[in-house]
Every structure is written in C-alpha cells, then in structure tokens.
Amino acid sequence: MAKVQNIKGMRDHLPQAMLLRQYILETVRRVAERHGFEPLQTPVVEYAEVLEGKLGDDEKLIYRFTDHGERGLALRYDQTVPLARVVAQYAGQLALPWRRYAYGPSYRGERPARGRYREFYQFDADIVGSGSPLADAEIVALLTESLEALGFPGFTTLLNHRQIIGGIARTSGLDETSAGGVYRAIDKFDKLGADGVLAELLRMGVAPAAADQILALVQIDGTPGEVLAALAERLGADARATAAITNLWAIIDALGQMGVSPERYRVAPRLARGLSYYTGLVFEANTPHWPEGSLLGGGRYDELIGQFAGRPIPTVGLAFGLDRLHDVMEELGLGPRPATTAVAYVTVFGPEQAAASLALARELRAGGVNTLISLETGALGKQFKEADRKGVRFALVLGPDELTRGEVVVKDLRGGGQRSLPQAEVVAALLAE
RNA sequence: GUGCCUGUAGCUCAAUGGCAGAGCGCCUGAUUGUGGAUCUGGAAGUUGUGGGUUCGAGCCCCAUCAGGCACCCCA
C-alpha cells in the first residue's frame with residue numbers, strides 16, 4: 001500500500017479549517033473588490049527562468065524540476081513574479097494603473113515550523129503602473145480595513161522605506177554590498193535588543209562608530225511625524241534618503257485623508273524585509289499574539305516588472321498569509337466557526353414518508369437554507385444523533401402525524417426545544433434564526 | 001540547509017529491557033416518534049517506517065519519514 005502521508009510542510013485542510021479559511025478569503029476579497037481590485041489567476045508552475053534572478057538569496061528555496069519534455073520548470077515562489085510576467089505578456093490588454101488581487105498556493109523549500117509551510121496560501125493585492133503615494137496609501141488602507149474586518153485586535157503596521165535604510169547605511173559609511181547584512185541585523189532589533197544588534201554589527205565588521213550611529217537611527221521612535229522629522233534631521237545629507245522621507249510623508253498624509261486610524265501604523269526605521277525586489281515603501285503588519293513573523297507584508301517594487309516588460313512599471317502591493325491568519329484567528333477564537341455547512345437536517349421517518357421529506361429538503365434548498373437529508377430511514381434517535389454530531393442546528397421531522405396536519409416539527413438541537421409549524425412557514429422560520 | 005526534542009488506539013497520554021494500558025471519542029443496548037446527561041456491553045494497535053544489539057525491544061543503537069523548538073529566513 002502506498003504511504004498514507006503528506007509531503008513535508010504540505011497540509012490537508014479538513015472541513016472545519018476550510019470553513020474558517022474560506023471566511024478569511026471572502027472577507028479580504030470583499031474589501032479588495034470594494035476598492036475595485038480585479039481577480040487574476042496564474043498557473044502554479046512557471047518556467048524556472050521566469051523566477052530566477054528576481055529573489056536574491058531566496059532563490060535557493062525555489063522548487064525546481066524537469067518535466068517529460070526536459071523543460072526546466074519551477075513552482076511559483078510568490079504571486080508577485082507571475083504578476084510581473086502577466087503584465088509584460090498582456091501589456092496591450094491591461095489598462096494601467098491596474099488593481100489586481102490573486103489567491104492561491106506558493107511553494108518554498110524551507111524547513112517547516114509553526115506558521116510556516118512549504119505549501120502556503122497567499123492573498124495578494126497590487127496596484128500596477130502607478131508611482132503615486134496614493135497607491136501606497138491605498139494598499140496600507142486595504143490591509144488595515146481587512147484586518148479590522150477580520151476582527152484582529154491590536155495589530156500594528158510598521159512602515160519604512162528602502163532608501164531610509166539605505167541612507168542609514170550610507171551615512172554610517174557602509175557601501176551597498178555590506179548593507180545587506182546590516183539590513184538583516186537591524187531587522188532583528190525587536191528580537192535581539194540593542195545590545196544584540198550591536199554585537200551582530202560589530203561581528204560582521206562594522207566600525208564601532210558606524211554601528212553606534214546605525215543603532216541610534218534605528219531606535220528612533222514616536223509618532224510618524226516625530227520619527228520622520230528626526231530622520232530628516234540626521235539623514236539630511238543623503239539625497240535619496242531625503243526623497244524617501246518626503247515620499248513617506250506623502251503616504252502618511254494620504255492615509256490620514258483616507259481615514260486610516262493613526263493608531264494602526266508606525267514608522268519603524270528598523271523594518272527591513274527580505275525580498276530583494278523592494279525599492280520604496282516596505283511594511284508589515286504584526287500582532288502581539290504572534291511574536292515571530294508577520295501576518296502580511298509588502299511594499300513598492302518599481303523595477304521588477306520592468307525586467308519582463310522592458311520599461312519601468314512602478315508597482316506596490318501586499319501579500320496576506322492565509323495560513324498564519326488562520327492559525328492566529330484559531331488561537332484567538334476570532335471569526336465565525338460553524339461546524340458544518342448545513343443549517344437544517346431533514347429526518348426520514350419511514351419509507352412511506354421519504355418522498356415528503358425529500359420534497360421538504362428541496363423546498364428548503366430552494367429557499368436558501370443549506371439542508372442535509374438523512375440517508376437512513378427510521379430510528380429517529382440515530383438521525384438526531386447524526387445531525388447533532390455534524391453540528392447541524394435544526395432537525396426537522398415529517399412523521400405520519402405531521403403529514404396529516406400539514407406541519408413539520410422543527411427541533412433546535414442547540415437549545416433543545418421544538419415546535420410544530422405549518423410546512424409553508426418552515427423556510428421563513430429557519431431563515432429568521 | 002545546521003543543531004536539539006518528540007513520535008504508543010480516532011484524540012490526549014501511561015507502561016524498571018520481561019503479558020501493550022487508561023481517559024475521552026466511536027459502535028451497541030437500556031429507549032420501535034427524539035440527540036446531548038447517566039448506566040450496559042463491544043470494537044479498536046505491525047508502538048511512524050526499515051535495520052541492528054539482546055534469551056527477550058514501545059524502551060538501547062543506526063538509518064529514514066513526519067512534527068515541534070532554536071538558527072536562517074519569511075507569509
């Protein structure tokens with residue numbers, strides 16, 4: 001017999017988990033469509049060369065394989081690179097700026113851990129073809145609305161800009177090549193603390209004076225305005241950092257005008273983020289209930305699509321991690337969590353009543369009530385038990401007595417009461433619950 | 001990819017190298033028009049898998065698969 005087992009890091013999602021996952025997806029999708037985003041779906045498999053050269057060090061995590069035709073293929077690593085391919089390939093058919101959302105699995109050959117899988121589902125939303133700070137702000141507004149709609153308490157979105165980090169590195173006397181290690185070190189600030197980051201910087205050969213300078217810049221805290229003002233003062237000599245600060249100002253202004261609560265975001269100069277294609281704004285949303293790793297992340301990548309299209313197409317976007325959202329919501333007890341899809345369970349009293357029960361089930365379904373019908377007749381106790389175990393709220397009985405009266409017994413399995421209603425009123429009664 | 005921990009019934013877990021167990025769940029009956037509570041009886045296992053040591057292995061050793069934690073990185 002074949003192995004009854006999952007591939008490492010790849011999971012089955014049983015009905016109860018799927019119901020919550022679908023709720024999350026629907027909630028986020030509705031928010032995106034409210035902003036006019038359009039759906040896109042691309043294949044899970046791409047030519048390996050499409051994915052290569054875009055991800056930096058992360059490339060070693062790409063799943064690669066060869067098909068029967070000896071083509072070098074790869075499972076997509078995210079939904080951003082495929083988006084870039086699509087934008088280039090259908091340039092004539094897409095009216096820019098284009099707001100697009102996508103949902104599906106991506107694959108990374110990492111060591112699995114809690115909240116981290118080799119097959120994981122993301123919901124992406126991107127605005128293609130606009131460099132306006134309004135686009136950046138709209139993405140942040142979208143994520144804020146989504147997390148609020150899902151009922152997350154106390155989440156915070158950290159905002160930063162790649163050229164602020166770059167400016168910190170440059171004004172500390174570091175060249176671009178050693179900057180990568182610095183980004184990673186300062187990104188760990190929350191985990192290691194100031195001393196830990198300092199040790200890490202010194203270990204990688206950063207001069208003590210430069211390391212102190214970096215630490216001081218990275219620890220700037222306060223309201224977005226305070227942080228940006230302090231950064232402007234200290235990075236004023238760096239033209240690109242100054243432009244980045246101006247850009248973040250514009251984004252934050254727009255967030256205010258869009259009605260995003262100032263309590264939902266902060267400017268955090270230490271936020272780095274790994275993906276190498278980001279060029280401007282970077283952000284991630286965190287919740288105190290998930291100390292390691294973020295719920296979602298994103299940023300502006302103005303050059304990636306140009307690698308396919310041959311001309312710069314500025315783009316900003318984000319990716320929700322469905323698996324993490326699900327795990328955190330599960331732990332916090334957020335969201336509705338029905339045990340099953342059915343609301344009503346129609347019992348079958350006996351062979352003579354089967355036709356009437358089937359007709360009742362049909363009527364309920366036509367009226368919009370999700371309905372399960374018993375596949376066994378007789379032994380009502382057993383049928384009630386099945387309904388109860390499945391988590392169906394109402395059990396309906398159509399026995400000889402009810403049939404002669406033209407009524408249906410509606411039994412509430414959650415409370416325990418039951419009442420007999422005229423058959424014509426049953427659909428309305430169940431919909432009213 | 002590196003290091004550490006774990007893997008026994010559907011689930012949670014016991015079992016000095018010496019007869020594989022409990023609780024919950026499941027099935028059955030008390031109840032042939034009523035689930036949940038209580039009680040009756042019952043089924044359930046190649047101890048993740050493959051080797052090795054031993055008179056004898058769930059327990060010790062090796063390998064492998066899977067899960068968790070820490071690195072690394074990210075959703």
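Within every chain, numbering begins at 1; the chains are lettered A, B, ... in the order of the sequence lines, protein sequences first and strands thereafter.
- Heavy atoms of A:Lys8 sit under 4.0 angstrom from primed sugar atoms or phosphate atoms, though from no base atom.
- Counted by atom type alone, A:Glu303 and A:Thr279 present zero donor-acceptor pairs between their side chains at under 3.5 Å.
- At the heavy-atom level, A:Glu119 lies nowhere under 4.0 Å from the strands shown.
- Taking the C1' atom of each, B:C62 and B:U53 are spaced 11 Å apart, rounded to whole Å.
- Looking at heavy-atom distances under 4.0 Å, A:Arg11 makes no contact with the nucleic acid at all.
- Each of A:Asn6 and A:Leu398 has a nearest nucleotide on RNA chain B; the 5'-most of these lies closest to A:Leu398.
- There is no side-chain donor-acceptor pair under 3.5 Å between A:Gln122 and A:Tyr103.
- Residue A:Gly115 is in base contact, counting any heavy-atom pair closer than 4.0 Å across all strands shown.
- For B:U34, its base sits under 3.5 Å from the side chain of A:Gln418 at one donor and acceptor pair at least.
- Taking atom CZ on A:Arg108 and atom P on B:C73, their separation rounds to 14 Å, with Å as the unit.
- Within 4.0 Å of A:Gly9, counting heavy atoms only, lie sugar-phosphate atoms of the nucleic acid but no base atom.
- We find that A:Arg76 and A:Asp78 are not joined by a salt bridge, their nearest charged nitrogen and carboxylate oxygen being 4.0 Å or further apart.
- The nucleotide whose nearest atom lies closest to any side-chain atom of A:Arg111 is, among B:G33, B:U28, B:G1, B:G1.
- Rounded to the nearest Å, the gap between the P atom of B:U32 and that of B:A22 is 31 Å.
- Distance check on atom C1': B:A14 versus B:G51 gives 28 Å, rounded to whole Å.
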**Prompt:** salt bridge (charged side-chain N to carboxylate O under 4.0 Å, His left out) between A:Arg99 and A:Asp126: does it pass, once the steps are laid out?
**Reply:** CA-CA 6 Å; A:Arg99 291 172 174 84; A:Asp126 297 83; over 6 Å; no
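- Taking the C1' atoms as reference points, B:C65 lies 10 Å from B:G50, given to the whole Å.
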**Fill in**
Each base of RNA chain B marked ( ) or [ ] if paired in-strand (Watson-Crick or G-U under 3.5 Å), | if paired to another strand and . if unpaired gives (((((((..((((....[..)))).((.((.......)).)).....(((((..]....))))))))))))....
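- Residue A:Glu376 contributes atom CD, which lies 13 Å from atom P of B:C27 at whole-angstrom precision.
- Using a cut-off of 4.0 Å between Lys/Arg side-chain N and Asp/Glu carboxylate O, A:Arg64 and A:Glu52 are scored as salt-bridged.
- Listed by chain and residue number, nothing satisfies the side chain to side chain donor-acceptor pair (under 3.5 Å) test with A:Gln353 (two or more places apart in sequence, or in another chain).
- One atom, CZ of A:Phe384, and another, P of B:U31, lie 18 Å apart when rounded to the nearest Å.
- Using a 4.0 Å cut-off, no side-chain N or O of A:Arg116 falls inside it from OP1 or OP2 of B:A70.
- With P as the reference atom, B:A15 and B:G58 are 15 Å apart, rounded to whole Å.
- Ring geometry for A:Tyr63 versus A:Tyr107: interplanar angle over 60°, hence perpendicular rather than tilted (30 to 60°).
- Close to B:U28, at under 4.0 Å from its OP1 or OP2, lies a side-chain N or O of A:Lys382.
- Two residues, A:Tyr117 and A:Lys385, neighbour RNA chain B, and the one matched to the more 5' nucleotide by heavy-atom proximity is A:Lys385.
- Nearest to the side chain of A:Lys188, among B:C73, B:G35, B:G3, sits B:C73.
- Comparing B:G36 with B:G48, their P atoms sit 35 Å apart, to the nearest whole Å.
- The listed nucleotides are B:C73, B:G33, B:C27; the one nearest the side chain of A:Glu110 is B:C73.
- Residue-level contact check: A:Ala395 touches neither bases nor backbone, having no heavy atom under 4.0 Å from any strand.
- Going from atom OH of A:Tyr63 over to atom C1' of B:G1 covers 13 Å, rounded to whole Å.
- For B:C13 and B:U6, the C1' atoms lie 13 Å apart once the distance is rounded to whole Å.
- Judged by ring centres under 5.5 Å apart and planes tilted less than 30 degrees, A:Phe349 fails to stack against the six-membered base ring of B:G33.
- B:A37 and B:C4 are spaced 46 Å apart, taking the P atom of each and rounding to whole Å.
- Nearest to the side-chain atoms of A:Asp388 among the listed nucleotides B:G33, B:G36, B:A75 stands B:G36.
- A salt bridge links A:Lys188 with A:Glu200; the closest basic N to acidic carboxylate O contact falls under 4.0 Å.
- The nearest whole Å value for the distance from the CZ atom in A:Arg118 to the C1' atom in B:A75 is 16 Å.
- Nucleotide B:G1 holds its P atom 12 Å from the NZ atom of A:Lys60, rounded to whole Å.
- At a threshold of 4.0 Å, the pair A:Asp323-A:Arg116 does not count as salt-bridged, since none of the basic side-chain nitrogens sits closer than that to a carboxylate oxygen.
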